[in-house]
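Here's the structure we're looking at; comments come further down.
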Number of protein chains: 2
Amino acid sequence: MKNAISILRRYDIQPTPQRIAVVEYVLKSKTHPSADDVLSHARKKCPTVSRATVYNTLNLLVEKGLLGMQTIKEGAVIFDSNIKKHHHFVDSDTGDIYDIPWDQLEVKGREKLKDFEVFEFQVIMRGRRKKK
Amino acid sequence: MKNAISILRRYDIQPTPQRIAVVEYVLKSKTHPSADDVLSHARKKCPTVSRATVYNTLNLLVEKGLLGMQTIKEGAVIFDSNIKKHHHFVDSDTGDIYDIPWDQLEVKGREKLKDFEVFEFQVIMRGRRKKK
DNA sequence: ATATTTATTTAGACAATGTCAAGACTAAAT
DNA sequence: ATTTAGTCTTGACATTGTCTAAATAAATAT
């Protein structure tokens, strides 16, 4: 990941210590953290950061297109640093979420859906991750 | 939909007025209601029914396989009276959820996912529903 | 029928997620 | 120095969902 400050500047967001702490964690994370996960990790770098600021920053990053947001598991939205199109696999035992590269799956038949204009889609799979 | 009482009996659930009220609404609904939606509609038939009982009943119906449960939109789980496999389309403007028949789409490539044992999957699409 | 388990419901407490408004703080710009 | 704009914090608030203890209803046995 590039420098957090330069990333924020590039998207016209003033780089404050709070935002830097959020960005440094969430944009490098591969674990699909919840807002609360981000809050507790951001507090390691910036102990005073508040819950409201973390939510504000996450929503800002999503609006600007730097960050993905998914409602895959119940209880809380999760954030996804991978902004390329991809599918998701959820481990039913652990709840862990894995990204599945877009070209690993092919979805056919969307053109037959006469009543719907599809902006985006993804496959969500659930099951068990095989141990290596 | 068949008689609510006989459905409950068939699944070894004692038919109480509260459960009947819940079942009559949620199993005939095509709108993918939240638990709170179910609560307010069930109260029309059974005004004293409590929130806890609605949650208990919904969870029971899901456990018994009478009802589907989906985490598609943020904020609350939704319940799905369609227990056959199907995909979902979410209207980005209204939030309405539509069932897409299973055989309208084909998902290819799952066998290539070496690290994952897939128990179930579905396609989730977002976009705009075309007016008739 | 009556007493005694057993199952079910209720009300309220509780924790977690997420939003919001008011005031405090910071950094520029005038 | 003072205003101004932007940002942050605190705490309140609404909502979702679970849990427990007590009340109620139903089923069984006597």
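What you see is a predicted model, and the numbers here were worked out from it, not measured in a lab. Chain A is the first sequence line, chain B the second, and so forth, proteins listed ahead of strands; every chain is numbered from 1.
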Mark yes or no for whether A/Asp91, through its side chain, and A/Arg129, through its backbone, hold a donor-acceptor pair below 3.5 Å.
yes

Take atom CG of A/Asp12 and atom P of D/dT7, then tell me their distance rounded to the nearest Å.
11 Å

For B/Leu8 and D/dA26, give me the distance from atom CG to atom P, rounded to whole Å.
15 Å

Short of 4.0 Å, heavy atom to strand atom, which residues of residues 37-53 of chain B count as contacting DNA chain C?
B/Thr48, B/Val49, B/Ser50, B/Arg51, B/Ala52, B/Thr53

Here the distance between atom C1' of D/dA25 and atom CD1 of B/Ile20, to the nearest Å, is 14 Å

Would you please name every residue forming a side chain to side chain contact (heavy atoms under 4.5 Å, CB included) with A/Asp36, sequence neighbours left out?
A/Ser34, A/Leu39

Exercise answer: donor-acceptor pairs, residues 101-109 of chain A side-chain atoms, under 3.5 Å, sequence neighbours excluded:
none

Does the side chain of B/Ile5 come within less than 4.5 Å of B/Ile20's, by heavy atoms?
yes

Looking only at side-chain N and O atoms, does B/His32 offer a donor or acceptor that is under 3.5 Å from a partner on B/Asp37?
no

Taking only N and O in the side chain of B/Tyr55, is any of them less than 4.0 Å away from OP1 or OP2 of D/dG17?
yes

DNA chain D contacts made by residues 69-80 of chain B, counting heavy atoms under 4.0 Å
B/Gly75, B/Ala76, B/Val77

Could you state the CD-C1' distance from B/Gln18 to D/dA23, rounded to the nearest angstrom?
13 Å

Can you name the one residue among B/His86, B/His87, B/His88, B/Lys85 that meets side-chain hydrogen bond (donor to acceptor under 3.5 Å, both in side chains) with B/Gln122?
B/His88

Got more than 12 heavy atoms from elsewhere within 6.0 Å of NZ, A/Lys64?
yes

Residues that, via side-chain heavy atoms closer than 4.5 angstrom, fall in one hydrophobic cluster with B/Ile72
A/Ile72, A/Ile78, A/Val90, A/Ile97, A/Ile124, B/Ile78, B/Val90, B/Ile97, B/Ile124

Rounded to the nearest Å, what distance is computed from the CG atom of residue B/Asn56 to the P atom of nucleotide D/dG17?
13 Å

A/Lys112 atom NZ, over 12 foreign heavy atoms within 6.0 Å
yes

Outermost nucleotides of DNA chain C that come under 4.0 Å of a non-hydrogen atom of chain B
C/dA7 to C/dA13

Nearest heavy atoms of B/Leu58 and B/Phe79, plus distance in Å
CD1-CE1, 3.6 Å

So, applying side-chain contact (heavy atoms from CB on, under 4.5 Å) with B/Leu67, which one of B/Asn59, B/Leu60, B/Val22, B/Leu61 is it?
B/Leu61

